Every structure is written in C-alpha cells, then in structure tokens.
Amino acid sequence: MLNPLQKIVVKGKEIELLLTPSLYRVCKERGWVIESSTDLADIEQAYIRLLYAAAINANNIRRFDDPSVQELDITLMDMQIWSFSNPSEFVEMIKKAIELLSGKSVEQLAKEEEKKEEKKKRGFRLSAITRLLRRS
C-alpha cells in the first residue's frame with residue numbers, strides 16, 4: 001500500500017502532498033472543478049491542479065495540528081513549472097495519485113477499461129447479428 005503522504009521539491013523546498021479524498025474538499029471550498037477532455041494537455045492540467053490541491057490539503061492539516069506552521073507558499077504556477085521541469089517524477093506522482101484515490105493501479109484500471117471495451121464490441125456484434133436474423 002502506498003503512503004498517501006508524498007513529497008516533492010518545488011522551488012527548492014520540500015512540499016508535502018496529501019493524496020486522500022479530503023483534497024476534494026479543498027477543491028470544493030475554493031470552487032475548483034478539476035476535469036478534462038480526452039486532450040492530453042487538458043489531462044495534464046487537471047493532474048497539476050489535483051497535485052496542487054493535494055499540497056494545500058497537506059498544509060491545511062499540518063496547520064490544523066500546529067497553528068504555527070506557515071501557510072503554503074507555492075502557487076499553481078510553481079506546480080506547473082515543477083511538472084514541466086520534472087516530467088518523470090510528475091508521471092510517477094500521477095500514477096500514485098490514481099492508485100491512492102481509486103484504490104487501483106493504472107494497470108488494473110487499464111485492464112478494466114479493456115474488458116469494458118471488449119464487452120461493448122461483443123454486445124454490438126451480438127445485437128447486429130440479432131437484428132440481421134430478425135430481418136430474415
């Protein structure tokens with residue numbers, strides 16, 4: 001099991017990311033909607049925002065436990081720059097986020113999606129055959 005508390009280095013500072021469902025509360029409180037199309041650039045932006053929300057989530061909880069902890073001093077722009085400057089670390093963090101938030105690895109989710117697609121194809125073929133048989 002992965003640890004939901006992950007760390008990255010942004011602007012030379014170690015930043016904690018708390019990848020738990022409570023990060024969605026951060027989004028809700030700030031009026032953020034994290035969604036994307038099938039466009040890779042949109043997907044990348046959605047994950048950058050998700051990781052930024054995870055950083056805010058970790059900081060909020062640290063400050064709740066210890067009010068002397070300073071507020072997070074990075075911006076979404078800083079997260080954008082980090083993701084661009086650290087592409088392999090960014091991809092690994094996305095994989096961890098997916099697994100921690102869904103409970104399944106990227107590989108498991110891909111296999112499930114393949115099975116769904118195969119069922120759709122089989123269903124389409126069977127319905128096409130059924131329609132063809134009805135006509136005759």
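Keep in mind it's a predicted model, so treat the numbers as computed, not measured.
Considering only heavy atoms from C-beta on, N60 stays 4.5 Å or farther from S22 through its side chain.
Between the NZ atom in K11 and the OG atom in S85 there is a gap of 13.0 Å [rounded to 0.5 Å]. Atoms OG1 and CZ, on T20 and R25 in that order, are 8.0 Å from each other to the nearest 0.5 Å. The CD atom of Q108 sits 12.0 Å away from the CD1 atom of I98 when rounded to the nearest 0.5 Å. The line from CG of N86 to CD1 of I81 is 11.5 Å long, rounded to the nearest 0.5 Å. A distance of 6.0 Å separates CD1 in I56 from CG in L72, rounded to the nearest 0.5 Å. For the atom pair CD of E107 and OG of S105, the computed distance is 4.5 Å after rounding to the nearest 0.5 Å.
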task = Apply side chain to side chain contact (heavy atoms under 4.5 Å, CB included) to L23 and Y52, showing your working.
result = CA-CA 9 Å; L23 70 85; Y52 183 53; over 6 Å; no

request  = Would you check, one step at a time, whether the test salt bridge (Lys or Arg N to Asp or Glu O under 4.0 Å) holds for K111 with E114?
outcome  = CA-CA 5 Å; K111 285 179 185 175; E114 284 176 16; over 6 Å; no

request  = Under the side chain to side chain contact (heavy atoms under 4.5 Å, CB included) rule, what do E99 and L19 come out as? Steps first, then yes or no, please.
outcome  = CA-CA 10 Å; E99 185 168 344; L19 294 159; over 6 Å; no

ask   = Between I74 and K13, does a side chain to side chain contact (heavy atoms under 4.5 Å, CB included) hold up when you go through it step by step?
value = CA-CA 9 Å; I74 63 166; K13 297 176 190 167; 5.8 Å; no

request  = Could you walk me through whether I15 and M79 pass the side chain to side chain contact (heavy atoms under 4.5 Å, CB included) test, one step at a time?
outcome  = CA-CA 10 Å; I15 303 295; M79 289 298 288; 5.7 Å; no

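Cluster annotation: I48 and I43 are assigned to the same hydrophobic cluster (Ile/Leu/Val/Met/Phe/Trp/Tyr, side-chain heavy-atom contacts under 4.5 Å, transitive). In terms of hydrophobic clustering, with Ile, Leu, Val, Met, Phe, Trp and Tyr side chains grouped at heavy-atom distances under 4.5 Å, L18 and L101 are assigned to different clusters. A single hydrophobic cluster is not seen to contain both I61 and Y24; linkage of ILVMFWY side chains at heavy-atom distances under 4.5 Å, directly or through other members, places them apart.
In R63, the CZ atom is crowded: over 12 heavy atoms of neighbouring residues, nucleotides or ligands sit closer than 6.0 Å. Summarising the local packing, NZ of K28 is surrounded by 12 or fewer heavy atoms from other residues, nucleotides or ligands at distances under 6.0 Å.
Ring geometry for W82 against F90 counts as perpendicular: the plane angle is over 60°, on a 0 to 90° scale with 30° as the lower cut.
Applying the side-chain hydrogen bond (donor to acceptor under 3.5 Å, both in side chains) test to E89 and every residue at least two apart in sequence or in another chain returns nothing. For D39, the side-chain hydrogen bond (donor to acceptor under 3.5 Å, both in side chains) criterion is met by no residue, not counting sequence neighbours.
Between L5 and E16 the shortest heavy-atom distance is CD2-OE2, 3.6 Å. Across every non-hydrogen atom of M93 and K7, the tightest pair is CE-O, 4.2 Å. The minimum heavy-atom distance between I8 and V10, with the atom names listed, is CD1-CG2, 3.6 Å. Considering every non-hydrogen atom in both A46 and I34, the closest pair reads O-CG2, 3.3 Å.
With hydrogens and angles ignored, the 3.5 Å screen pairs a side-chain donor or acceptor of D78 with a backbone N or O of T75. Distance alone, capped at 3.5 Å, is enough to place a donor-acceptor pair between the N59 side chain and the Q70 backbone.
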